[in-house]
Amino acid sequence: MKALLLIDIQNGFCPGGNLAVPDGDAVVPVANRLIREGGYDVIVASQDWHPADHGSFASQHLGAKPFDMGELSGQPQVLWPDHCVQGTSDAEFHSDLEMDAVDYVQQKGENPAVDSYSAFRDNDHAALTGLASYLKAQLVSELDICGLATDYCVKFSALDARDMLPDVRVRFVSDASRGIDPQGVKDAIAEMKAHGVGIVTSDDILAD
Ligand code: VGL
Ligand code: ZN
């Protein structure tokens with residue numbers, strides 16, 4: 001079974017959002033084309049879903065500014081602007097994303113004491129989300145990953161997919177993704193490649 005994993009295509013990561021990724025909304029039409037024409041059996045979306053007092057927010061650290069380096073539960077942590085707070089419009093999926101075709105939504109980042117870049121597990125690897133179990137139950141053997149942001153949630157989700165689903169072919173869809181930092185995107189692509197993630201474009205997929 002072929003699956004598409006859409007990472008965090010939410011208002012918060014699009015222009016006008018609280019943690020806007022440059023050109024983030026450009027992924028929406030590409031994702032919609034993959035949804036409609038990519039030949040997927042299973043379509044999954046992750047949703048960054050933080051409580052208002054999440055410990056990754058600079059607002060929770062005395063004297064800290066967004067994008068400062070800080071600490072969360074003893075681990076180094078980028079301190080983010082408040083973003084994707086549960087129940088706010090910032091946390092909603094982009095309104096043009098064709099969510100009717102999505103079979104399963106995986107929320108993440110609910111524990112205020114740890115961040116969860118990956119859709120599969122918290123950054124400290126202590127708690128799993130249900131995503132790997134869901135994909136196994138669907139007998140997924142091919143997983144294409146795209147969305148926001150390449151250098152954070154997309155990368156960590158792709159690396160965890162390789163680690164937790166070793167028999168699954170994992171690919172990163174570059175033109176259906178955007179990142180926060182250009183050098184971070186380059187490094188993320190190199191790291192994904194080094195871990196056996198294929199790098200493809202939506203045209204490669206639609207030509208199959
Ligand atoms: C993300 C930073 C904080 C992401 C989520 O979706 O890449 N980045 N929370
Ligand atoms: Zn977040």
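In each ligand, atom 1 is the first atom listed, and ligand 1 is the first ligand listed.
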- Worked check of side chain to side chain contact (heavy atoms under 4.5 Å, CB included) between Leu6 and Ile43: CA-CA 8 Å; Leu6 305 163; Ile43 299 178; 4.0 Å; yes
- Message: What verdict does the side chain to side chain contact (heavy atoms under 4.5 Å, CB included) test give for Tyr117 and Asn123, after you've listed the backbone C-alpha separation in whole Å, the side-chain angles of each residue and the deciding distance to 0.1 Å?
- Response: CA-CA 6 Å; Tyr117 294 145; Asn123 290 1; 3.3 Å; yes
- Task: Assess whether side chain to side chain donor-acceptor pair (under 3.5 Å) is satisfied between Ser202 and Asp175, documenting all intermediate values.
- Result: CA-CA 7 Å; Ser202 60; Asp175 60 322; 2.5 Å; yes
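Ordered by chain and residue number, the residues placing a heavy atom less than 4.0 Å from ligand 1 are Asp8, Phe13, Leu19, Asp48, Trp80, His83, Tyr117, Leu148, Ala149, Tyr152, Cys153.
Ion pairing of Asp8 with Lys108 is present here, as a side-chain N (NZ or NE/NH1/NH2) and a carboxylate O approach within less than 4.0 Å. With salt bridges taken as basic N to acidic carboxylate O contacts below 4.0 Å, one links Arg178 and Asp23.
For the residue pair Gln10 / Asp48, no side-chain donor-acceptor distance below 3.5 Å is found, with atom types taken as modelled.
Protein N/O/S atoms found under 2.8 Å from the Zn ion (ligand 2): Asp48 OD2, His50 NE2, His83 NE2.
Aromatic ring centres of Phe13 and His94 lie farther apart than the 6.0 Å criterion allows.
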Atom pairs and distances, donor-acceptor, side-chain atoms in residues 163-170, under 3.5 Å, two or more places apart:
unit_1, atom_1, unit_2, atom_2, d
Asp163, OD2, Arg121, NH2, 2.8
Arg169, NH2, Glu142, OE1, 2.8

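Each side-chain hydrogen bond (donor to acceptor under 3.5 Å, both in side chains) pair with one or both residues in residues 130-140, not counting sequence neighbours, would appear here, but there are none.
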